[in-house]
Amino acid sequence: MYSVLSYGRMAVDGVRIDAYSRAIERTVRPGSIVVDLGAGTGIMSLLALRAGARRVHAVEMDPAVWLARDLAVANGYGDKLVVHHGSSFDLTLDERADVIIADLRGSSPLFGQNVAAMEDAKRRLLAPGGILMPQRDRMFVALAETAFHRHDLERGWACFERNGFDAAAARSATLNWAYSDDEAPTQANHVLSEAKTWAEIRYGEPFSRAVSGTVDLPVTRGGTADALVLWFEATLHDDIVYSNAPGNALVYARIVLPLLDPVRVSVGETARVTVRTDVNGEQWAWDTEIGGRPRVRQATFLGQPASQQSLLRQSLAATPSRSGPGDRAARALELMDGTRTLNEISDALAASNPDVRRETIVDEVRSCARRYGR
Ligand SMILES: C[S@@+](CC[C@H](N)C(=O)[O-])C[C@H]1O[C@@H](n2cnc3c(N)ncnc32)[C@H](O)[C@@H]1O
């Protein structure tokens, strides 16, 4: 769940909002039916209403969407905005949209259910010939010298070492991770190579779960490469684009994939880089081969301390049994049949689990109701 303030911060991003505003003005006609997918507090809905939309369906998982209704009323559009609090995957409409507007990205467009939600929305909610916005995202990678960021990653382990301890395992785990650079934004002068497109998303089209690309990055400036930096260029509609390239201060930071060992690079050298991730952007892997040096393979999998047992539990071949909290959740769901209050369900669970604190049981029951109740 986002805070209301974070939606305000998203709206402060003038570059992004200006691009969406222009794309909405170009595509939404008087009388259009619009879906604002991932509406937040409704900035895109208001822009579409101002452009003349007959009706805007604002769909949003976060309760902040109820503020979109208040804002629509305050701005004279109360009768034209329909709020759908929930996931777009569960939304059915009795009319098709002429335009679907969404910005479900994070630092990377491969974020959460972004790609799947757009494909689903196009298939089920968009009228034939309707407009899906954005159209595509191109994802770029370059070598970078992000010294400040690196210092931040390593200083904890340097402290272990100053105390005479070997901290190599923790240092390596820290460097096998995908970071957002929001606290230390990568600037254009931190980039050491050409930037190349390693992957592209075409929204609304069938997609694969794995995304990867290999590119050669000629060095354009000598320096110490300590990371790959990743950004995107979003095409909202035809020539209307925006990008979180280094130096652009948007709400979306960039992704930084640190190199295990910083490498001195000079103009004339080339880095061969492979980036891989899943369509939800949860796990990342990156191989770098710089100027003829041995290839180094890194992955966020190596940055997640995990017991063998917990890894095996996630295997599709695993045959898990339920834990104590799992038993209680199963029983709570059985009892949630529309006839009992949460208090009564908690009483029933407390009676059969005398060793568990009632506060714990109430929290568990509330969480089941929030997640699976209606
Ligand atoms: C980056 S915010 C954008 C908010 C607002 N549209 C804006 O541009 O400022 C993305 C929002 O999409 C919502 N969201 C993501 N996937 C969704 C889905 N499948 N259905 C409904 N809401 C979704 C998130 O909860 C989040 O509030």
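Below, each value reflects all heavy atoms present in this structure, side chains not excepted, and no hydrogens, waters or symmetry copies. Note that ligands are numbered from 1 as they come in the structure, with each ligand's atoms numbered from 1 the same way. Numbers for residues simply follow the sequence, beginning at 1. Just so you know, these numbers come straight off a predicted model, no measurement behind them.
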Legend entry - Heavy-atom neighbours of Arg272 CZ exceed 12 at 6.0 Å: no
Legend entry - Ionic contact status for Arg26 with Asp239, cut-off 4.0 Å: yes
Legend entry - Straight-line distance of Leu37 CG to Leu125 CG, nearest 0.5 Å: 8.0 Å
Ligand 1 N/O to protein N/O, distances under 3.5 Å:
| residue | atom | partner | partner atom | Å |
| --- | --- | --- | --- | --- |
| ligand 1 | 6 (N) | Gly38 | O | 2.8 |
| ligand 1 | 8 (O) | Arg16 | NH1 | 2.9 |
| ligand 1 | 8 (O) | Arg16 | NH2 | 3.3 |
| ligand 1 | 9 (O) | Arg16 | NH2 | 2.9 |
| ligand 1 | 19 (N) | Ser88 | OG | 3.0 |
| ligand 1 | 20 (N) | Ser88 | N | 2.9 |
| ligand 1 | 22 (N) | Met61 | N | 3.3 |
| ligand 1 | 25 (O) | Glu60 | OE2 | 2.6 |
| ligand 1 | 27 (O) | Tyr7 | OH | 2.6 |
| ligand 1 | 27 (O) | Glu60 | OE1 | 2.8 |
| ligand 1 | 27 (O) | Glu60 | OE2 | 3.0 |

Inset, instruction - Would you check if Val15 and Tyr252 make a side-chain contact, meaning some heavy-atom pair closer than 4.5 Å? - result: no
Inset, instruction - Please report the C-alpha distance between Arg16 and Asp103 in whole Å, then the side-chain angles of each, then the deciding distance to 0.1 Å, and finally whether the salt bridge (charged side-chain N to carboxylate O under 4.0 Å, His left out) criterion is met. - result: CA-CA 10 Å; Arg16 185 179 77 96; Asp103 188 352; 2.7 Å; yes
Legend entry - Single hit among Asn244, Asn114, Asp137 for side-chain hydrogen bond (donor to acceptor under 3.5 Å, both in side chains) with Arg105: Asp137
